[in-house]
Amino acid sequence: MRPTHLDHTDTLELPVTGDGPFNALHTFWKPSHYLTGLEAHTETRSWRTFRVDDLVVGVRLLAEDRTVIADVYTDGDYKPAHRDHLIRRLIASYGLDENLAEFTELAAGVPQMRDVLRALSGMRQSCPEDHFEIAVIALLLQNVTIHRTTQMTRNLLVHHGRLVHFDGITLRAWFTPTEIAQVTPETLKEQDRLGFRAKSLPHYAAFFREHTTEDLQAADDLGEAVQQIKGVGPYTAAVIASHASRDPAAFGIDVWNRKILARRILDADDAAPEAVTRRLNQLFPGRAGTAGLYFVEHEYLNAPVAPLLDPDGIDAWNEALERPTP
DNA sequence: AGCCAGGTAATCC
DNA sequence: GGATTACATGGC
């Protein structure tokens, strides 16, 4: 599979305007995130793809103190509107304008959060995915092991996404709702191995083709709105709200983070989801989502799901993505 | 073999 | 309403 070459078209300097500390590495790279091929990280740099309208965009990110330098690579006509859109997208994706001081002060007073804060202070939630893309991620997480989620994600991106090369790195890029809407449920089931999700994905595509991120940001009750989609329940709705809409109070609880949080805040191997949520809200009023993020990332800090790339390993990374899949 | 994964919807009482 | 149960798939 030969990647599309993206040309360098822009450099953006984005100041971190939100208050509180800023930790660039852990804002860009999350130790708990599974491997998608949509992004790659070394200690000092990150690469990520975005779909901006129909444009495929590659971004190389690095931080100098409290300024994020984003080098932009594109495959087509990069217009001022694309630039504006991308600037807003990057600021929102990494929470550069979000205030973290209040959470950090709150967390400093919670004993269970002490070590976590020492390791991760300044981490902001990362969600380079838009509403549609994060909904698809959440769909692929439903009732399967992370191994199968990774497998289904790879199938979808290899068969229906893009492969691009820029700044020396090869990455995959998302399909748009319109693009995936062309694919039949039979293909999604038989070729992409989505199981019962094959019936849901077309509903997701139809909904998010009608309702853009801009529309949804204005939604009265986003959770209620997206639960109209077949295959979106409380968990997926909370993931969308907490990640794409960055609601610091929203927290999508599942059997995975439930066990992590039970140990961290209830001193138990497991607990009822209501008990976990209640305690999390009690300790971090209005900031349950942020607190959950910190606990979960800390859990994986010493054994990341997708470890940082060694700069010498980039050729091997590129070859792995460009190799035809069996 | 059978159970269970980073859930959801349909179908019970 | 709240408690089952089927839903696809694949790994252990």
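In what follows, every chain begins at residue 1, and chains take the letters A, B, ... in the order their sequences are listed. Keep in mind that what you see is a predicted model, and the values were worked out from it rather than measured.
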| query | When A:Phe251 is tested against each of A:Thr277, A:Asn281, A:Leu293, A:Asn257 for side-chain contact (heavy atoms from CB on, under 4.5 Å), which residue passes? | reply | A:Asn257
| query | Closest heavy-atom contact between A:Trp174 and A:Arg51? | reply | O-NH1, 2.9 Å
| remark: To the nearest angstrom, the CD-C1' distance between A:Glu297 and B:dG6 comes to 13 Å
| said: Using every non-hydrogen atom in the two residues, find where A:Thr49 and A:Arg172 come nearest and quote the distance to one decimal. | reply: OG1-O, 2.8 Å
| With a cut-off of 6.0 Å (strictly less than), are more than 12 heavy atoms of other residues, nucleotides or ligands near CD of A:Glu13? | no
| query | For A:Arg124, what residues pass the side chain to side chain donor-acceptor pair (under 3.5 Å) criterion, not counting sequence neighbours? | reply | none
| message | With side chain to side chain donor-acceptor pair (under 3.5 Å) as the rule and sequence neighbours excluded, what pairs involving residues 300-320 of chain A come up? | response | A:Trp256-A:Tyr300
| said: Restricting to salt bridge (Lys or Arg N to Asp or Glu O under 4.0 Å), what partner residues turn up for A:Arg279, sequence neighbours left out? | reply: none
| Residue from A:Val52, A:Leu12, A:Ile87 passing side-chain contact (heavy atoms from CB on, under 4.5 Å) with A:Val72 | A:Leu12
| task | Fit a plane to each ring of A:Tyr73 and A:Phe166, take the angle between them on a 0 to 90° scale, and name the class: parallel (under 30°), tilted (30 to 60°) or perpendicular (over 60°). | result | tilted
| Same-atom distance (C1') from C:dA6 to B:dC3, integer angstrom | 15 Å
| field | Contacting residues from residues 179-187 of chain A, given that a heavy atom lies under 4.0 angstrom of DNA chain B | value | none
| query | With A:His159, which residues qualify under ring-ring contact (aromatic ring centres under 6.0 Å, His included), at least two apart? | reply | none
| request: Could you identify which residues of residues 123-130 of chain A place a heavy atom less than 4.0 Å from some atom of DNA chain B, listed by residue number, or say none? | output: none
| task | Using the P atoms only, state how far C:dT5 lies from B:dG6, rounded to an integer number of Å. | result | 23 Å
| message | Testing the basics here: between A:Ala288 and A:Ala249, what is the closest heavy-atom pair and its distance to 0.1 Å? | response | CB-O, 3.9 Å
| Without hydrogens or angle criteria, can the side chains of A:Glu133 and A:His131 be said to hold a donor-acceptor pair below 3.5 Å? | no
| field | Ring geometry between A:Tyr78 and A:His82 (parallel below 30°, tilted from 30 to 60°, perpendicular above 60°) | value | parallel
| note | Heavy atoms of A:Asn155 and A:Gln191 approach each other most closely as ND2-O, 4.3 Å
| task | Considering only atom P, compute the distance from C:dA8 to B:dT11 and round it to an integer number of Å. | result | 14 Å
| said: A:Lys259: which residues meet the salt bridge (Lys or Arg N to Asp or Glu O under 4.0 Å) condition with it, sequence neighbours left out? | reply: none
| request: Could you pull out the closest heavy-atom pair between A:Ile265 and A:Val276, with the gap in Å? | output: CD1-O, 3.9 Å
| message | Counting only heavy atoms and a strict 4.0 angstrom limit, can you tell me which residues of residues 138-151 of chain A come near DNA chain C? | response | A:Asn143, A:His147, A:Arg148, A:Gln151
| task | Using the C1' atom as the reference point in each nucleotide, state the distance between C:dG11 and B:dT8 in Å, no decimals. | result | 23 Å
| query | Listed in order of residue number, which residues of residues 192-205 of chain A have a non-hydrogen atom at under 4.0 Å from DNA chain C? | reply | A:Arg193, A:Gly195, A:Phe196, A:Arg197, A:Lys199
| Can you give the first and last nucleotides of DNA chain C, 5' to 3', that have an atom under 4.0 Å from a heavy atom of chain A? | C:dC7 to C:dG11
| Do the rings of A:Phe50 and A:Tyr94 sit parallel, tilted or perpendicular, given the 30° and 60° boundaries? | perpendicular
| task | Using heavy atoms and a sub-4.0 Å distance, could you list which residues of residues 220-233 of chain A are near DNA chain B? By number, please. | result | A:Ile229, A:Lys230, A:Gly231, A:Val232, A:Gly233
| Looking at DNA chain B, which of residues 252-291 of chain A put a heavy atom within less than 4.0 Å of it? | A:Asp254, A:Val255, A:Trp256
| message | Check for me whether the distance between the ring centres of A:Phe132 and A:Phe207 falls short of 6.0 Å. | response | no
| task | Please round to the nearest 0.5 Å and tell me the distance separating atom CG of A:Leu38 and atom NE2 of A:His33. | result | 12.0 Å
| Heavy-atom closest pair, residues A:His165 and A:Glu322 | ND1-OE2, 4.2 Å
